[in-house]
Structure formats: structure tokens, C-alpha cells
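Nothing fancy with the numbering, it's 1 onward along the sequence. Just so we're clear, the structure is a prediction, and the values are computed from it rather than from any experiment.
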Amino acid sequence: MELKHVSELVGAGKDIESAYWELVVKDIQDTCKLLEPIYNETDGEDGHVSLAVSPKLANDTKGTIEAAKWLHNMVGSPCVYMKIPATDESISSMKEVISLGISVNATLIFCLPKYEAVIDAYLDGLESCGMTDLSKVSSAAAFYISRVDVTLDKKLEQIGTAEALDLKGKGAVAQAVLAYQLYQKKFSGPRWERLENRGAKKQRLMWASTNVKNPSYPDTFYVNSVIGPDTISTFLVQALQAFMDHGILSRTLDAKVSEAQDMYNAIEKLGIDWSSVGSELEHEVLDSFTKSFDNVLECMQKKAMSIYSFQKHV
Ligand SMILES: O=C(CO)[C@@H](O)[C@H](O)[C@H](O)[C@H](O)COP(=O)(O)O
């Protein structure tokens, strides 16, 4: 299929959102073709492409399931991950989507209780999947890092005691270290082994938001601090360049677990509720995703209309 211009799609009677999805699906199909060799070489472990369902469906369980099924079918590649945010409503949809054999990037995870719910949705989904070989279904859980510190650091500054100020810049990594412990616990033992015997793949932890937002922290701080087996790091270009230049490749993620637990507890003792921090961030980021989505549609509409009316007048 040739990539059509938005004005052609709108001229052919498509509404702007349908035109958007047509362009996005084509783009994702092309990217899947590029990554399919990696997907095949690694037996489906790597080489995935994420396609996000509309952020407007974040609180709509059924709508998310339908959108994921439709988009997965439209793309038609095993490489595609349906990217679904970890809101309470969407976590319910993840179980159903996984049970249909559709791979999922569970995104916008900011706290441990949400992360555990995401893992459970994956395990429940695999258990109720009718396929005998589960090896074609996979998932990544995108746990955010730097944004957590931005929110925590503000709260610690407001508390303002020496103990609080000393914990600045430590919470996000401490929470990530504990997330990795949870990953190891949940993906071991009899429940997991039963699924593994059916070919199931572990849901890998994917570190999102790894770029440093506070300029007083070293630019490789987050990437250096969350290195461990079976995890995925995402990078913005600057963070990748910084890591390639002076990053330290060493297994940090489970090197200081009890220290991380102490920091996590100390932050809680100061009256900071980790789940509330998570919900605050979830709302903030979803809101920004929705604004960006609306903005893209608005720009496409303007572009389509200007080209369409120009063509009508020549
Ligand atoms: O969405 C995912 C994973 O699902 C991430 O890769 C995500 O795109 C990026 O890490 C973030 O958007 C960048 O993080 P931030 O700087 O906006 O906090």
C-alpha cells in the first residue's frame, strides 16, 4: 500500500481521525518490516514496534480492547506491541488483550502497586489464552524513572528537613530496584513455571523516562543505575549519546537492594505516599498525551484543508 497524503484521505471522505489511523498503521507496518529480521533471529524476544491506542480510551476498558484488536489486525505483524497505559481500567483490558494472543507494551507505570497489577494482568491473560504454544505472545512493562524523581524531589523540598533533602534524587532509582525484585519474584515459582512450560516469555521491565531532568544530576545517572539482565532501556537521543560517550556498563540494578528498600521506606515515613505520586504522574502524563493527540489531529485537519482547497482552486 502506498502512503497516501492526509489531504487525499480527507478528500476521499475519511474523517481526520480515520485518516490519522490509516497513516499510523502504514508507518507501523513499514517499521515492523524493518525489525522483522531481528524479531525472527531472536525468536520474538526483540524487534518489537509499539503502537499506542488512543489516549482518549485510557479509562475505557471495552474501548481499549476493541481498539487493540482492530489495530493489531490492521498492522498484521507479530512484531507489533499494542501500547496500553496502566490505568485501572486499561489494566483490566490488558488481561483480555493478552488472552487473545496480542502482545502488549504496558506503559505509564509510576509505582509498585500498579506494576504488580500489570504483571498479574499479564499472567492472568496468559493463563486464559487458548493457544497451546504461548511463545508468540509477549509483553514489556514500561516503568518510568526520571519523572518520579521530579515529583518526589518537589515534595522532599517542601518537607525541607535535612533527612528529606538528603533523599532527593534517590527515590526513583530505589523504586526501580524494588520493581526488579518484584519482577524476579513474580516470574519464578510454580505459577510461572506452568506458563513457561507452555512457552510463555517473561514480561520484561522496560525503563522509560531515563533522561535526566534535573541538570544537577549526571546525564547518565538513570541509565547507569538500572542495568540488569532481561531489562530494556529506552533512550532519548541525548541520553543515548551521553551513555555511549561516558556511561558505565555494570550490573547496578540488584547491587544494593537493601539500601534501596531503606530509602523507599524512609520516603514513605516522611509522609509521601508512593501510590499517590503514581496517580499524580499518571494523570499528568495522560493529560499531556491527550493534548498531543488532539494537537496532531488539529494540525492534520489544517494541513488537509489548506491543500484540499488549494487543489480545488488550481
Ligand atoms: O512510552 C514509553 C514506553 O512505553 C517510553 O519509551 C517513552 O516513550 C519515553 O521513555 C518517554 O516518553 C520519555 O520520557 P519523558 O522524558 O517524557 O519522561
Side-chain angles (χ1 to χ4, degrees), residues 58 85-88 91 106-119 140-183 185 205-228 231-236 238-239 242-243 247-248 252-289 291:
T87 59
D88 291 339
I91 289 176
T107 190
L108 301 192
I109 306 172
F110 300 100
C111 64
L112 294 174
K114 274 292 168 82
Y115 175 46
E116 184 156 19
V118 163
I119 302 177
F143 207 116
Y144 278 61
I145 312 274
S146 67
R147 280 179 188 264
V148 173
D149 264 349
V150 172
T151 300
L152 282 178
D153 285 2
K154 267 190 220 143
K155 292 186 189 296
L156 292 166
E157 260 164 37
Q158 276 162 8
I159 296 169
T161 58
E163 191 197 358
L165 297 178
D166 188 49
L167 285 162
K168 277 180 65 190
K170 296 183 178 158
V173 171
Q175 182 174 234
V177 167
L178 300 182
Y180 191 57
Q181 293 299 301
L182 187 57
Y183 160 85
K185 182 170 149 222
L205 256 169
M206 175 158 74
W207 306 122
S209 186
T210 56
N211 61 316
V212 170
K213 295 194 171 50
N214 180 338
S216 70
Y217 301 158
D219 55 4
T220 53
F221 171 52
Y222 293 117
V223 180
N224 280 348
S225 308
V226 292
I227 299 176
T231 58
I232 304 165
S233 276
T234 65
F235 294 87
L236 295 185
Q238 306 93 301
F243 187 74
I248 301 169
T252 44
L253 198 48
D254 47 9
K256 292 179 181 165
V257 178
S258 63
E259 217 171 90
Q261 185 68 64
D262 289 347
M263 284 184 229
Y264 185 90
N265 295 346
I267 288 173
E268 208 161 41
K269 270 205 179 140
L270 288 170
I272 297 176
D273 178 54
W274 284 93
S275 291
S276 308
V277 169
S279 324
E280 226 175 274
L281 281 162
E282 184 182 301
H283 288 114
E284 181 186 307
V285 181
L286 258 176
D287 203 40
S288 80
F289 280 12
K291 284 195 183 112

Within the structure provided, determine whether [X] and [Y] are in side-chain contact (heavy-atom separation under 4.5 Å).
X      : Y      : answer
Ile248 : Thr220 : no
Leu178 : Gln261 : yes
Leu281 : Tyr144 : no
Asn224 : Phe243 : yes
Leu156 : Leu165 : no

### Task
Look up atom CG in Leu152 and atom CD in Glu157, then write down how far apart they are to the nearest 0.5 Å.
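Rounded to the nearest 0.5 Å, the CG-CD separation comes to 11.5 Å.
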Considering all heavy atoms of both residues, which atom of [X] and which atom of [Y] are nearest to each other, and what is their separation?
X      : Y      : answer
Ala176 : Val226 : CB-CG1, 3.8 Å
Ala266 : Leu167 : CB-CD1, 3.9 Å
Ser209 : Arg147 : OG-N, 3.3 Å
Lys256 : Val177 : O-CG1, 4.4 Å
Glu282 : Ala86  : OE1-O, 3.5 Å
Ser275 : Cys111 : CA-SG, 4.1 Å

### Query
For Phe235, which residues count as a ring pair (Phe, Tyr, Trp, His ring centres under 6.0 Å) partner, sequence neighbours excluded?
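With neighbours one apart ignored, the set is empty.
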### Message
Consider side-chain contact (heavy atoms from CB on, under 4.5 Å). Of Thr107, Leu108, Ile109, which one does Val118 pass it with?
### Response
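Exactly one pass, corresponding to Ile109.
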### Task
Start with the C-alpha gap between Leu205 and Tyr115, add the side-chain angles, then the distance that decides, and say whether side chain to side chain contact (heavy atoms under 4.5 Å, CB included) holds.
CA-CA 10 Å; Leu205 256 169; Tyr115 175 46; 3.3 Å; yes
### Message
Working note: Ile232 + Trp207, criterion side chain to side chain contact (heavy atoms under 4.5 Å, CB included); need CA distance, chi angles, decisive distance, verdict.
### Response
CA-CA 6 Å; Ile232 304 165; Trp207 306 122; over 6 Å; no
With a 3.5 Å distance limit and no angle check, can you tell me whether [X] reaches the backbone of [Y] through a side-chain donor-acceptor pair?
X      : Y      : value
Thr87  : Ala58  : yes
Ser146 : Lys213 : no
Lys114 : Phe110 : no
Thr210 : Thr234 : yes
Asp153 : Lys168 : no
Thr231 : Gly228 : yes
Gln175 : Val148 : no

### Task
Could I get the full list of side-chain contact (heavy atoms from CB on, under 4.5 Å) partners for Ile159, not counting sequence neighbours?
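side-chain contact (heavy atoms from CB on, under 4.5 Å) check on Ile159 returns Thr161, Ala164, Leu270, Ile272.
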### Task
Please work out whether the ring planes of Tyr222 and Tyr217 are parallel, tilted or perpendicular, with thresholds of 30° and 60°.
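Perpendicular, since the angle between the ring planes exceeds 60°.
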### Task
With sequence neighbours excluded, give me every salt bridge (Lys or Arg N to Asp or Glu O under 4.0 Å) pair touching residues 259-278.
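Those involving residues 259-278 do not exist here.
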### Task
Taking the six-membered ring for Trp and the full ring for Phe, Tyr or His, determine whether the centres of Trp274 and Tyr264 are under 6.0 Å apart.
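Yes, they do, as the ring centres are separated by less than 6.0 Å.
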### Task
Could you tell me whether the side chains of Thr252 and Ser225 share a donor-acceptor contact shorter than 3.5 Å?
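The criterion, which ignores hydrogens and geometry beyond distance, is not satisfied for Ser225 and Thr252.
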### Message
If you apply the rule side chain to side chain contact (heavy atoms under 4.5 Å, CB included), what do you find for Val150 with Asn214, and how did you get there?
### Response
CA-CA 8 Å; Val150 172; Asn214 180 338; over 6 Å; no
